[in-house]
Protein chains: 2
Amino acid sequence: MARKPKQQRSKATVDAIVEAALIAIARQGPSATTARQVADIAGIGVGSLYEYFEDKDAIFNAAGARFVDDTVAMIKPLIPELVRMNIRDAVSKLLFTFRDFLEENNQIYLKCARHAFSQDMVMHQEPINRALMDLFTQYLMHHPELLRMPNIPAVAYFYINGGIFTVIRHLSEEKPTQSFEELTMVFGDFLASYAEHKLGASNATQ
Amino acid sequence: MARKPKQQRSKATVDAIVEAALIAIARQGPSATTARQVADIAGIGVGSLYEYFEDKDAIFNAAGARFVDDTVAMIKPLIPELVRMNIRDAVSKLLFTFRDFLEENNQIYLKCARHAFSQDMVMHQEPINRALMDLFTQYLMHHPELLRMPNIPAVAYFYINGGIFTVIRHLSEEKPTQSFEELTMVFGDFLASYAEHKLGASNATQ
DNA sequence: ATCTGTTTCCGAATTGAATCCGAACAAGCA
DNA sequence: TGCTTGTTCGGATTCAATTCGGAAACAGAT
């Protein structure tokens with residue numbers, strides 16, 4: 001249990017397990033997934049699961065970690081491009097790219113997100129948070145006038161949790177009542193309006 | 001199994017079970033809670049659980065339903081008062097009242113929310129959604145000039161999911177990096193700025 | 001109060017999934 | 001080839017959820 005893979009063969013096994021977990025989660029969600037199912041999808045015996053993972057949860061965590069890593073890898077290279085855009089375009093570009101990323105691989109990630117944004121996969125989402133915060137910070141660097149906005153930390157919190165994550169969560173809804181494009185636009189408008197309002201004229205509230 | 005309580009005595013039992021479930025969820029979250037624990041906390045035998053509930057999930061759902069009902073009962077009477085306020089004050093009043101509600105009863109609801117905003121308790125949150133949407137709609141009725149805003153449905157979606165729920169989720173974070181008050185203010189500012197920006201120079205917030 | 005049918009309560013027994021474990025199988029090495 | 005170590009497997013074990021059959025509490029009638 002919880003061994004480190006030494007040979008090439010076993011590395012492939014670990015990978016197969018993580019892949020299988022993602023597929024199973026996408027299909028039925030974590031709680032409905034049995035250890036035997038994961039083993040079957042991975043094409044290995046049940047016992048093998050426990051050679052590399054403490055327990056079933058550890059497998060799901062590894063799957064979550066893979067998702068988080070891939071997400072961060074998707075966001076990071078976008079940053080240089082985004083910081084040069086205006087707020088609305090940057091928001092659009094980021095969210096559209098995010099959506100495309102979730103649609104890859106038969107929507108595996110999108111379907112996972114449906115369950116995963118619930119589960120404790122969220123607990124390990126911190127790196128995504130950091131990547132988004134990084135984008136936010138660098139954006140401010142390239143638009144120093146925005147530093148005059150009040151409550152920047154709270155704005156950052158809303159941009160990440162109230163904005164990006166809300167739209168992503170919306171993507172994984174079954175019967176969306178809103179269009180993704182419209183939400184994206186409104187979110188960009190919220191941010192831009194706030195910035196313009198706070199930077200223009202007088203500041204009514206502090 | 002899944003009987004309807006006929007006598008007073010059994011109604012009390014059902015109630016004790018739901019209460020116990022809320023306590024257990026607050027303590028350890030749903031996944032770590034065993035049926036036996038719920039029975040122990042409720043002061044009844046395990047078997048009794050299954051007299052009134054299909055399975056463990058049904059118990060958690062009932063607990064979730066109780067939370068949702070109480071929440072709606074908290075929001076509804078606020079509406080007449082809120083619709084007469086300006087945007088920022090209405091947002092503040094709503095969120096502060098919400099917070100106080102979650103703090104009641106030893107923070108049971110707040111601690112539940114910590115786990116529950118994850119689980120499928122969310123699935124049954126629809127009534128809360130409707131109550132908040134009701135508030136939104138009635139607010140627009142009392143401030144007809146706001147009807148000139150574009151993308152009203154998307155704005156409503158953000159107000160509920162990106163705003164209210166984000167702040168509530170923030171409340172149940174372990175080590176909040178933001179102050180609740182600041183977030184509340186910024187959220188109100190987001191909404192008000194958007195409205196003012198979209199309505200032009202006119203002063204929409206009185 | 002006693003009897004009778006109904007409701008409620010219980011906890012030992014059952015069931016099924018998660019996890020462990022030791023034998024069998026492959027790889028690396030001399 | 002024989003030896004050692006890494007890997008896989010699936011039956012055996014464990015533990016929580018759920019069932020079941022009967023005991024206790026109740027309501028209503030006599």
Side-chain angles (χ1 to χ4, degrees), chain A residues 1-65 115-116 119-121, chain B residues 1-65 115-116 119-121:
Chain A
M1 64 302 262
R3 253 187 327 102
K4 276 281 151 48
K6 304 266 169 94
Q7 302 183 356
Q8 196 51 42
R9 178 164 66 124
S10 61
K11 286 200 179 67
T13 301
V14 170
D15 224 55
I17 293 172
V18 172
E19 295 284 339
L22 285 170
I23 293 172
I25 292 173
R27 279 219 270 261
Q28 356 166 283
S31 52
T33 300
T34 74
R36 217 164 281 271
Q37 273 175 323
V38 174
D40 286 349
I41 296 176
I44 62 169
V46 226
S48 301
L49 295 179
Y50 295 90
E51 293 295 328
Y52 304 102
F53 296 97
E54 197 57 48
D55 52 20
K56 200 171 65 149
D57 258 7
I59 297 174
F60 291 154
N61 285 342
H115 306 282
Q119 290 288 325
D120 42 13
M121 228 182 233
Chain B
M1 58 302 266
R3 260 187 321 102
K4 277 281 152 47
K6 304 265 170 97
Q7 301 181 359
Q8 198 51 41
R9 179 165 64 124
S10 61
K11 289 200 178 68
T13 301
V14 171
D15 225 56
I17 293 173
V18 173
E19 295 284 338
L22 285 169
I23 293 171
I25 292 173
R27 280 218 270 262
Q28 350 166 288
S31 52
T33 300
T34 74
R36 214 165 283 272
Q37 275 176 323
V38 174
D40 286 348
I41 296 175
I44 64 170
V46 228
S48 300
L49 295 178
Y50 295 89
E51 293 293 332
Y52 305 102
F53 296 97
E54 197 57 47
D55 53 20
K56 199 172 67 149
D57 257 9
I59 297 174
F60 292 155
N61 285 342
H115 307 282
Q119 290 287 324
D120 42 14
M121 226 183 236

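Every chain is numbered from 1, with letters handed out A, B, ... down the list of sequences.
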K.L.:
Grab the CG-C1' distance between Leu49(A) and dC20(C) for me, whole Å please.
P.N.:
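Checked: the CG to C1' distance equals 13 Å.
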K.L.:
For Tyr50(B) and Ala35(B), which heavy atoms make the closest approach, and how far apart are they?
P.N.:
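Heavy-atom minimum between the residues: OH-CB, 3.8 Å.
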K.L.:
Mind calculating the distance between NZ (Lys56(A)) and C1' (dC20(C)) to the nearest angstrom?
P.N.:
17 Å
K.L.:
Hey, is the main chain of Thr33(A) close enough, under 3.5 Å, to the side chain of Lys56(A) for a donor-acceptor pair?
P.N.:
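At least one qualifying donor-acceptor pair exists.
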K.L.:
For Arg9(B), check side chain to side chain contact (heavy atoms under 4.5 Å, CB included) against everything at least two apart and list the hits.
P.N.:
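Expected list: Gln7(B).
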K.L.:
Could you work out which one of dT19(C), dA17(D), dT18(D) sits closest to the side chain of Val46(B)?
P.N.:
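The closest nucleotide is dT18(D).
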K.L.:
Residues of residues 35-44 of chain B with any non-hydrogen atom less than 4.0 angstrom from an atom of DNA chain C: list those, numerically ordered, please.
P.N.:
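Those residues are Ile44(B).
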K.L.:
Whole angstroms only, please: what is the CD1-C1' distance between Ile59(A) and dA18(C)?
P.N.:
10 Å
K.L.:
Could you give all pairs that pass the side chain to side chain donor-acceptor pair (under 3.5 Å) test and reach residues 34-49 of chain A, with sequence neighbours left out?
P.N.:
none
K.L.:
Does Ser10(B) place a side-chain N or O at less than 4.0 Å from the phosphate oxygens OP1/OP2 of dT8(C)?
P.N.:
yes
K.L.:
Just the rounded figure in Å: distance from P of dT18(D) to OH of Tyr52(B).
P.N.:
18 Å
K.L.:
For Ser48(B), report the nucleic acid contact type (base, sugar-phosphate, nothing); a contact means any heavy atom under 4.0 Å.
P.N.:
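Contact class for Ser48(B): base.
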K.L.:
Please, which pairs that meet salt bridge (charged side-chain N to carboxylate O under 4.0 Å, His left out) have at least one residue in residues 13-34 of chain A, sequence neighbours excluded?
P.N.:
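Qualifying pairs: Asp15(A)-Arg66(A), Glu19(A)-Arg66(A).
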K.L.:
Using atom types as modelled and distance alone, determine if a side-chain donor or acceptor of Lys4(B) lies under 3.5 Å from a backbone N or O of Tyr52(B).
P.N.:
no
K.L.:
Grab the CG-P distance between Asp55(A) and dC20(C) for me, whole Å please.
P.N.:
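Taking atom P of dC20(C) as the reference, CG of Asp55(A) is at 8 Å.
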K.L.:
Please state how far atom NZ in Lys11(B) lies from atom P in dT8(C), giving the value in whole angstrom units.
P.N.:
8 Å
K.L.:
Could you list all N or O pairs between the protein and nucleotides 21-26 of chain D that sit under 3.5 Å apart?
P.N.:
none

K.L.:
Need to verify one output field. Residue with the more 5' nearest nucleotide on DNA chain C, Gly47(B) or Pro5(B)?
P.N.:
Pro5(B)
K.L.:
Could you state the NZ-P distance from Lys4(B) to dT7(C), rounded to the nearest angstrom?
P.N.:
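Rounded to whole Å, this separation is 14 Å.
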K.L.:
If the condition is side chain to side chain contact (heavy atoms under 4.5 Å, CB included), which residues does Ala20(A) pass it with, not counting sequence neighbours?
P.N.:
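Scan of Ala20(A) (side chain to side chain contact (heavy atoms under 4.5 Å, CB included), adjacent residues dropped) gives Val38(A), Ile41(A), Ala42(A).
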K.L.:
Got a sec, which residues hit side chain to side chain contact (heavy atoms under 4.5 Å, CB included) with Ala32(A), two or more places apart in sequence or on another chain?
P.N.:
Gln28(A)
K.L.:
Distance from Leu49(B) atom CG to Ile44(B) atom CD1, nearest 0.5 Å?
P.N.:
4.5 Å
K.L.:
Find the distance Asp15(A):CG to dT8(D):P and express it as a whole number of Å.
P.N.:
13 Å
K.L.:
Would you please confirm or rule out a distance under 4.0 Å between OP1 or OP2 of dC10(C) and any side-chain N or O of Tyr50(B)?
P.N.:
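It does not, given that no N or O in the side chain of Tyr50(B) lies less than 4.0 Å from OP1 or OP2 of dC10(C).
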K.L.:
Please tabulate, one pair per line, each protein N/O and nucleotide N/O from nucleotides 2-4 of chain C that are separated by under 3.5 Å, including the distance.
P.N.:
none

K.L.:
Flag the pair Val18(B) / Phe53(B) as yes when at least one side-chain heavy-atom distance between them is below 4.5 Å, and no otherwise.
P.N.:
yes
